[in-house]
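Here is the structure we will look at.
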Amino acid sequence: MTVTLVPPPAAQPTRTGPPPAAGPLDVLGVPGQVNLDYAATAPCARAAADAVTELLPWYASVHRGAGALSRRCTLAYERARQTVGDFFGARADDHVIFTRNTTDALNLLARAMPAGTTVITFGGEHHANLLPWPRGSVRLPVPREPAEAVRALAAALGELRRLDAAGSQASRPARPGVDQGPPVLVAVTAASNVTGERWPVAELARVARRYGARIAVDAAQLAPHVPVDVAALDVDYLAVSGHKLYAPFGAGALVGRADWLDAAPPYLVGGGATSHVGAATHDVRWATGPARHEAGTPNLLGAVALAAVCAALADADRAALHDAEQSLLARLREGIAALPHVVELRTFGPGAPRVGIVSFVVAGRDSAEVAAELAASHDIGLRDGLFCAHPLARRLLDEAAARSGRRDLPPTALRASIGLGSTTTHVDRLLTALTTLP
């Protein structure tokens with residue numbers, strides 16, 4: 001599939017003939033600007049823009065009106081839920097709850113967990129998957145390779161279950177795949193937002209199953225690049241962001257097991273989350289299903305935009321899109337490796353599978369100053385800083401200094417990220433600009 005950069009409607013010149021056909025996965029953009037910051041917020045796909053534009057004249061209340069407009073919007077919202085669930089392989093009894101983003105989804109899950117749940121994470125997580133969990137959570141060290149992550153999780157879960165058994169003097173043998181003892185949740189990323197490296201989610205899920213633990217996956221960075229299927233991976237919860245998935249308007253989703261979500265108090269309280277409110281102060285019965293955690297007027301346009309992109313991606317040749325991105329990624333990484341004053345950050349070995357994200361430092365230069373210069377002099381936008389993953393980014397900066405033997409690396413990094421709409425011209429412009437830095 002050929003993907004082209006399409007300017008937003010306001011930026012298009014006057015035409016004397018019909019406009020060229022725009023594909024659903026073409027992305028909006030500003031001509032002349034090189035956007036290499038997809039990992040922070042991806043540009044809007046034509047599918048999302050068209051879906052919102054079509055619905056706007058009908059925009060009305062959801063679940064709260066009998067008129068034709070409200071009925072259409074309610075149908076659009078629930079169809080969006082079904083489309084998103086299908087796209088991510090939700091099981092028949094899973095919930096698809098619309099949230100603001102991945103951070104919101106993981107915070108919802110953190111508040112829905114049963115009391116006493118132990119959460120196991122790794123030190124390589126985005127803050128969204130480090131900070132919501134309760135005190136007493138276990139944070140495993142950043143592994144040097146994917147297989148080490150699997151071994152570390154198995155050891156941690158084995159020790160945790162041993163301590164549980166010793167504390168309760170349990171005599172019954174463990175049953176694989178069944179919750180055993182106090183609840184345990186493994187929370188892990190599917191692809192690093194710092195390096196783009198993919199984590200062995202299926203293998204980690206198998207280990208979790210062996211010890212009766214559940215697993216939640218932060219798929220914010222993986223979902224835009226490759227298919228992600230909850231049932232196929234055998235994970236319990238999946239969190240995603242629309243703004244990473246070419247669907248702006250502020251929607252994300254939490255997809256997963258219903259039991260914890262239906263048993264927990266609502267994440268938000270208010271209209272739509274109740275089945276009954278009596279006259280007494282606490283005479284309230286909460287709804288079951290997604291409505292329990294979607295109080296207030298829902299984000300209809302965000303849900304519809306997200307579903308439109310999911311549908312467009314489902315119809316696309318994902319393998320071809322992946323191959324094209326990997327070719328661009330290889331060009332970018334090879335170009336960076338050829339620059340003696342630029343050092344790439346990585347957690348695993350250089351050949352580890354990854355999505356279209358590369359973080360690096362320019363020796364002797366402050367990363368924020370480099371980013372500002374690339375924007376001002378070359379019209380190139382990328383990210384600088386520690387990428388809301390401070391523990392990991394600092395560790396990788398130290399590792400990069402040791403690996404390169406350089407003492408002049410800055411304390412923060414730069415990140416270039418690509419996706420639909422990225423071209424060899426964009427990559428080459430960045431590499432050329434890096435060679436001209438004073």
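Since the model is a prediction, treat every value here as computed from it, not as a measurement.
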Can you name the side-chain contact (heavy atoms from CB on, under 4.5 Å) partners of Ala258, sequence neighbours left out? His95, Asp262

Is the closest side-chain donor-acceptor distance between Thr347 and Glu197 under 3.5 Å? yes

Using atom types as modelled and distance alone, determine if a side-chain donor or acceptor of Ser417 lies under 3.5 Å from a backbone N or O of Ala39. yes

Measuring centre to centre across the rings, with the benzene-like ring taken for any Trp, is His322 within less than 6.0 Å of His225? no

In Å and rounded to the nearest 0.5 Å, what is the CG to CD1 distance from Leu430 to Ile336? 6.5 Å

Tell me, do Asp317 and Leu321 make a side-chain contact under 4.5 Å, heavy atoms counted? no

What verdict does the side chain to side chain contact (heavy atoms under 4.5 Å, CB included) test give for Leu233 and Val217, after you've listed the backbone C-alpha separation in whole Å, the side-chain angles of each residue and the deciding distance to 0.1 Å? CA-CA 10 Å; Leu233 291 171; Val217 176; 5.8 Å; no

Gap between atom CG of Leu268 and atom CG of Leu108 - 0.5 Å precision: 8.5 Å

Should Asp234 and Arg209 be marked as a salt bridge (charged side-chain N to carboxylate O under 4.0 Å, His left out) after you check the CA-CA gap, both sets of side-chain angles, and the distance that decides it? CA-CA 9 Å; Asp234 196 20; Arg209 288 282 168 270; 3.2 Å; yes

With rounding to the nearest 0.5 Å, note down the distance linking CG in Asp379 to CD in Gln33. 4.5 Å

Quick check: closest heavy atoms across Ala47 and Ala312, and the distance to 0.1 Å? CB-CB, 4.0 Å

Taking the side chain from Arg292 and the backbone from Ala273, do they hold a donor-acceptor pair closer than 3.5 Å? no

Please answer whether the main-chain N or O of Gly419 pairs with a side-chain N or O of Ser422 as donor and acceptor at a distance below 3.5 Å. yes

Is there a donor-acceptor pair under 3.5 Å between the side chain of Arg111 and the backbone N or O of Asn107? yes

Charged N-O contact under 4.0 Å between Arg257 and Asp236: yes

Is any NZ, NE, NH1 or NH2 atom of the basic residue among Arg354 and Glu344 found under 4.0 Å from an Asp or Glu carboxylate oxygen of the other? yes

Given 3.5 Å as the limit, does a donor-acceptor pair link the side chain of Thr74 with the main chain of His63, or not? yes

Should Arg403 and Glu399 count as an ion pair when the cut-off is N to O under 4.0 Å? yes

Flag this pair as yes if the NZ/CZ of Arg71 is under 6.0 angstrom from the six-membered ring centre of Trp58 and inside a 45 degree cone about the axis; otherwise no. no

For the pair Arg64 (side chain) and Gly271 (backbone), establish whether a donor and an acceptor sit closer than 3.5 Å, ignoring hydrogens and angles. yes

Sub-3.5 Å donor-acceptor pair from the side chain of Tyr38 to the main-chain atoms of Tyr246, do we have one? no

Ignoring hydrogens, what is the shortest heavy-atom contact between Ala49 and Leu28? Give both atom names and the distance. CB-CD1, 4.2 Å

Can you spot which of Asp218, Asn101, Thr102, Thr103 makes a side-chain hydrogen bond (donor to acceptor under 3.5 Å, both in side chains) with Ser241? Thr102

Keeping the roles fixed (side chain from Ser327, backbone from Ala324), state whether a donor-acceptor pair exists under 3.5 Å. no

Inter-residue atom distance Gln326.CD - Arg331.CZ, 0.5 Å rounding: 15.0 Å

Residues, nucleotides or ligands: over 12 heavy atoms within 6.0 Å of Glu145 CD: yes

Parallel, tilted or perpendicular: which describes the rings of Phe98 and Tyr77, with under 30° parallel and over 60° perpendicular? tilted

Apply side chain to side chain contact (heavy atoms under 4.5 Å, CB included) to residues Val355 and Leu222 and explain how you reach the verdict. CA-CA 7 Å; Val355 298; Leu222 185 62; 3.9 Å; yes

Trp199 side chain reached by Pro146 side chain, heavy atoms, under 4.5 Å: no

Any carboxylate oxygen within less than 4.0 angstrom of a Lys/Arg side-chain nitrogen, looking at Glu78 and Arg72? no

Is there a side-chain contact between Leu329 and Ile418 (heavy atoms, below 4.5 Å)? yes

Answer yes when Asp86 and Arg79 have at least one side-chain N-carboxylate O distance shorter than 4.0 Å, and no when they do not. no

Looking only at heavy atoms, which two atoms of Pro411 and Leu386 are closest? And how far apart? O-CD2, 3.7 Å

Any side-chain to backbone donor/acceptor pair from Asn299 onto Gly250? Under 3.5 Å, distance only. yes

Taking every non-hydrogen atom, the tightest pair across Ser70 and Ala60: N-CB, 3.8 Å

Heavy-atom pair with the smallest gap, counting every atom of Phe348 and Ala352: CB-CB, 3.7 Å

Going by atom types alone, do His126 and Gln221 pair a side-chain donor with an acceptor below 3.5 Å? no

Heavy atoms only: give me the nearest Ala76-Leu300 pair and the separation to one decimal. CB-CD1, 4.4 Å

Are Val228 and Leu238 close enough that some pair of their side-chain heavy atoms sits under 4.5 Å apart? yes

To the nearest 0.5 Å, what is the distance between CG (Leu157) and OG1 (Thr118)? 10.0 Å

Using a 4.5 Å cut-off on heavy atoms from C-beta on, say whether the side chain of Leu261 contacts that of Ile97. yes

In the structure I gave you, are the side-chain heavy atoms of Phe122 and Arg139 within less than 4.5 Å of one another anywhere? no

Looking at Phe387, does the NZ or CZ of Arg415 lie under 6.0 angstrom from its six-membered ring centre and within 45 degrees of the ring axis? yes

Check whether Lys244 reaches the backbone of Ala42 with its side chain - one donor and one acceptor, N or O, closer than 3.5 Å. no

Applying side chain to side chain contact (heavy atoms under 4.5 Å, CB included) to Phe360 and Val343, what does each step give before you reach the verdict? CA-CA 5 Å; Phe360 58 93; Val343 182; over 6 Å; no

Is any NZ, NE, NH1 or NH2 atom of the basic residue among Asp408 and Arg365 found under 4.0 Å from an Asp or Glu carboxylate oxygen of the other? no

Does a salt bridge link Arg91 with Asp94, judged by any charged N lying under 4.0 Å from a carboxylate O? yes

Flag side-chain contact, heavy atom, 4.5 Å: Met113 against Val119: yes

Would you check if Tyr237 and Leu254 make a side-chain contact, meaning some heavy-atom pair closer than 4.5 Å? yes

Distance check, rounded to the nearest 0.5 Å: Arg429 atom CZ versus Leu431 atom CG? 12.0 Å

Decide yes or no on side chain to side chain contact (heavy atoms under 4.5 Å, CB included) for Ser192 and Arg346, but give the supporting numbers first. CA-CA 10 Å; Ser192 170; Arg346 64 174 190 260; over 6 Å; no

